[in-house]
Amino acid sequence: MSNRPRPAIRRAVIAVPFLAALLLAARLDRGPSKASADAAHPGFSLRDETAAAGIHFVHHRPSFDPKIAGVEPHVAALGASVSVADYDGDGKPDLYFTNSRFGEPNALYHNRGDGTFEDVAASVGLADLNRVGEGVSMGAVWGDIDNDGREDVLVYRYGYLALFRNQGNGHFEDVTASAGLHRWVNSNSAIWLDYDRDGLLDLYVTAYFRDIDLWHLATTQIMHNSFEFATNGGKNLLFHNKGGGKFEDVTDKMGVGSNRWTLAAASADFNGDGWPDIYVANDYGPEELFLNDHGQRFVPTKAGLESESKSGMSVALGDAFNRGRLDAFVSNISERGYLFQNNNLRVNQMSESGRFRNVAEGAVADAGWAWGAQFGDLNNDGINELFVVNGFISADRQKNYWYAMSKIAGANGRFFEDAATWPPFGNASLSGYEKSRVYLNRGVAGWVDVAQQVGVTDEYDGRSVALADLSSRGAVDVIIANQNQPATLYRNTSDSTNHWIGFKLIGTRSNRSAIGAEVLLESGDLRQRRVVDGGSGFASQNDRRLHFGLGAREWVDRIVIQWPSGARQVVTRPAIDQFVTITEPSVAAP
C-alpha cells in the first residue's frame, strides 16, 4: 500500500535500443514475432455475468481500534480475495471469497456446471471465520496437505491462521491447533510449495503489520518507518510439513524470515536447478528473491530486483515472451501529477546472468494504483495477455487525499510512523474509481490496453484477480474480488477459431495437487511454460489446471513436465481442444 509521493518524472527503465533488441530477440528466438490479434481486433470479449452466475458476494472492510480512526480507510484497505479450487472433486472449479469484518461471512461458490454457482460456505464450515478474538480473513490458498485426494484450505487473517482439512463428506474440519499453526500473523498472502521435494506441501506465510492486535493497540506507532526501505513490518514464516497433519516452523533455519512489509509471494524454479524458489513483493521497498539450495536452505539474492523497486503489490508469473521461462510481473503505484513508480515486468535471465531484467515501458508500466495481476491467454493465440486490477480508496470524487499524503511523506520518519499524526481521511478518495487494465501482448509492438474494447469498464477498487476456465470450454474467465464492494465475474468469449489445450496434473511421488509442477509446451514455433501455482498475484490462486492457447496450430508436438518431486516426464502429441489429465509416473523413468 505504499504511497511515496514524488515528482511525476518518468524514469527510463532501460535504454530504448537495448529494449527493442531484447524484445525482438526474445520473440524471434523463442516464438512468433507478431501476435495474431491487435487493438482493433483483440480476438475475445469479456462480459460481466456476475449476477447471471448467481454470485452476490460483497466484501466488507474491517474496523480497527478507534485510536487510528483517522487513518482507518488506509489501514483497512485490504482483505478482498478470491481463490479457485475444485473442493469437492467433481471436475469443476469452485470460487472462495473472503470477507474482512467481524460477523460478515466468507463465501464458497460451488460450480453447478450450468454457468451458475451456489454459496455453500455455511454448510461446509468455511463461512463464519471473522470473529472477535480470532481476526478477520485476508485471503486463502488451497492444497492437498495430506495427499488424500481432497483439497484443504489455509485462511490467512489479520489475526490467527486457520487451517481446514477437507473431510470429503461435504464438511471442513478446523485442524489449526493440532497442525501447529495457531499463530497470530497479520498476513496478506500465503503460498503452498514443496521446498524439500518430499511430496508434502509446505507453507509460506507473509506478514504485513507486526504481530499486533489492531483492535487493541498499545501504541499508534504502527506504520512503516520508511517510504523506501521499511524494515519494521511483520516477519514472514515458513512451515515445514512433517506429515501426519503436523507442521513445524523452520523460518530461521531456512533463512526466509523477511521483516519487510510483504504483500505478495509466488514460487517456481526460476534458475532451472530443479528446486522451487520464493519471490516476494514488498511494500515500501525492494522485492526479494530466495533461491532454494537443494531443500537445505534459501539464499537471498538481489538478482536485479533492487532496481526500480518501489511498492510491490503483486507477483504474477508467466512466460511473457514465449521463451520457455517464467517471468514476473510486479504491480506498483502510478498517479499522474503526484507519483509515477512504474510496474515491473521482469524478464527471467537467471540461467545466463543470474538476474531478472525489468523491461516494463509504455502502457504496461502504468496501471494506476495497481494490485492483483495475472498472465493468461485470453484469445487462445498462443501469447499471454495480462489482466491488472487497480484503484485504492474510492470515496468523494471531489476530495483528494494525495495532497495530504505529500505532506506526510515529507515529514520525519518518526512522524509518519505514528498513525495518529496522519491527516484524517474523512471521505476523501485516494486513487479511486480506476478501471482495470487488460493488456494485449503484441510481441515486438509492445502491450496495449484493450479493456474498453473487450468490455471491461467497471471502476471498483480491485484487489485480487484469478483466472479459471469455469465451464471447461477452452476460454479463460476472470474473477475479481473488490475491496468493500461486490465481486465481479467476467465470462470470456473468443471470436476466433484458435485451438487450445488444458492439463490437469495429479502428483504421486509429488504432492497430489501437483503444486509447483511446470509444463513446457512445444508446438511448431510455439514454446511456452506454465506452473501450477500454490498462490499467486495478490491474495489469489488460479485454476489448478493449466491452459495453453495454440492459435491456428492443429497439434502439440510434445509437453515436458517437471514434477515437484524432480521427475521429468515427456508426453508427445496429446489431443487438443480438451483437458488432458496426466498422472505422474509412480516410479522414475529409466
Side-chain angles (χ1 to χ4, degrees), residues 26 30-32 84-85 93 143 191-194 266-270 272 274 276-277 279 315-329 345-348 350 373-387 441 465-469 472 474-478 492 498-507 510-511 513-523 526-537 540-551 553 556-564 568-571 574 576-582 584:
R30 293 299 189 188
V84 181
I191 57 173
W192 296 109
L193 73 161
D194 182 4
S267 178
D269 177 14
F270 296 111
D277 310 307
Y279 194 122
V315 182
L317 303 181
D319 192 346
F321 302 112
N322 286 0
R323 299 175 309 125
R325 301 182 191 179
L326 291 171
D327 308 308
F329 178 81
L345 177 56
R346 299 197 183 276
V347 171
N348 184 347
M350 292 294 292
Q374 300 291 355
F375 286 100
D377 191 347
L378 299 176
N379 56 13
N380 285 337
D381 66 350
I383 304 171
N384 276 313
E385 278 67 56
L386 183 61
F387 197 106
N441 188 345
V465 58
L467 303 183
D469 185 347
S472 300
V476 177
D477 305 307
V478 181
N492 185 1
N498 288 338
H499 296 288
W500 63 279
I501 189 170
F503 299 100
K504 177 183 178 181
L505 305 183
I506 301 174
S510 302
N511 67 87
S513 298
I515 287 173
E518 298 185 16
V519 173
L520 176 65
L521 178 142
E522 297 175 351
S523 176
L526 173 60
R527 192 169 188 260
Q528 190 178 100
R529 183 180 298 270
R530 295 195 184 280
V531 60
V532 180
D533 77 81
S536 71
S540 59
Q541 187 174 23
N542 295 308
D543 191 345
R544 192 69 48 74
R545 303 170 303 174
L546 300 181
H547 173 97
F548 292 84
L550 299 174
R553 303 168 186 86
V556 171
D557 295 317
R558 70 171 191 165
I559 64 165
V560 180
I561 306 171
Q562 190 67 40
W563 291 94
R568 181 176 181 271
Q569 182 180 3
V570 178
V571 177
I576 67 169
D577 296 326
Q578 61 184 278
F579 281 97
V580 178
T581 299
I582 300 177
E584 179 184 18

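Summarising the geometry, atom CZ belonging to R545 is positioned 11.5 Å from atom CG belonging to L505; distances are rounded to the nearest 0.5 Å. In this structure, the separation between CG on D269 and CD on E518 is 5.5 Å, given to the nearest 0.5 Å. Taken from OH in Y279 to CG in L326, the straight-line distance is 12.5 Å, to the nearest 0.5 Å. The NE2 atom of H499 lies 13.0 Å from the CG atom of D381; values are rounded to the nearest 0.5 Å. Atom CD1 of I576 is separated from atom CZ of R553 by 11.0 Å, given to the nearest 0.5 angstrom. The CG atom of L521 sits 6.0 Å away from the CG atom of L550 when rounded to the nearest 0.5 Å.
No donor-acceptor pair closer than 3.5 Å links the side chain of R568 to the backbone N or O of V560. A distance-only check finds no donor-acceptor pair linking the side chain of N492 to the backbone of A475 [under 3.5 Å]. Proximity of a side-chain donor or acceptor of R325 to a complementary backbone N or O of G272 within less than 3.5 Å is not detected. No donor-acceptor pair under 3.5 Å is formed between the side chain of N322 and the backbone N or O of L526. Side chain of S267 to backbone of D277: a donor-acceptor contact under 3.5 angstrom is found.
Across N380 and G474, no two heavy atoms sit closer than the pair ND2-O, 2.8 Å. For the residue pair V465 and A373, the shortest heavy atom distance occurs at CG1-N, 3.6 Å. Between S513 and R544, the shortest heavy-atom distance links the atoms CB-NH1, 3.2 Å.
Under the rule for a side chain to side chain contact (heavy atoms under 4.5 Å, CB included), the partners of A266 that lie at least two apart in sequence or sit in another chain are V315, L317. Every residue meeting the side chain to side chain contact (heavy atoms under 4.5 Å, CB included) condition with S510, not counting sequence neighbours, appears here in chain and number order: W563, P564, S565, E584. Shown here are the side chain to side chain contact (heavy atoms under 4.5 Å, CB included) partners of D533, two or more places apart in sequence or in another chain: S536, Q541, N542.
In this structure the side chain of R346 never reaches within 4.5 angstrom of the side chain of F270, judged on heavy atoms. Side-chain contact between E385 and V476: absent, with no pair of heavy atoms (C-beta onward) separated by less than 4.5 Å. Within the 4.5 Å cutoff, no side-chain heavy atoms of L386 are placed close to those of N441. You'll find the side chain of L467 stays beyond 4.5 Å of the side chain of D477, heavy atoms only. Here the side chains of W500 and D377 are not in contact, with every heavy-atom distance at 4.5 Å or above. In this structure the side chain of N384 reaches within 4.5 angstrom of the side chain of Q528, judged on heavy atoms. You'll find the side chain of Q578 stays beyond 4.5 Å of the side chain of I501, heavy atoms only. Two residues are said to be in side-chain contact when any heavy atoms from C-beta on lie closer than 4.5 Å; F579 and D469 meet this criterion.
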Stepwise side-chain contact (heavy atoms from CB on, under 4.5 Å) check, V532 with L546: CA-CA 7 Å; V532 180; L546 300 181; 3.8 Å; yes

Pair D194-I515, side-chain contact (heavy atoms from CB on, under 4.5 Å): steps then yes or no: CA-CA 8 Å; D194 182 4; I515 287 173; over 6 Å; no

Verdict with supporting geometry, I561 and F503, side-chain contact (heavy atoms from CB on, under 4.5 Å): CA-CA 11 Å; I561 306 171; F503 299 100; over 6 Å; no

side-chain contact (heavy atoms from CB on, under 4.5 Å) between V478 and Q374, worked out: CA-CA 9 Å; V478 181; Q374 300 291 355; over 6 Å; no

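In this structure, F375 and F329 have perpendicular ring planes: the angle between them is above 60°, well past the 30° mark.
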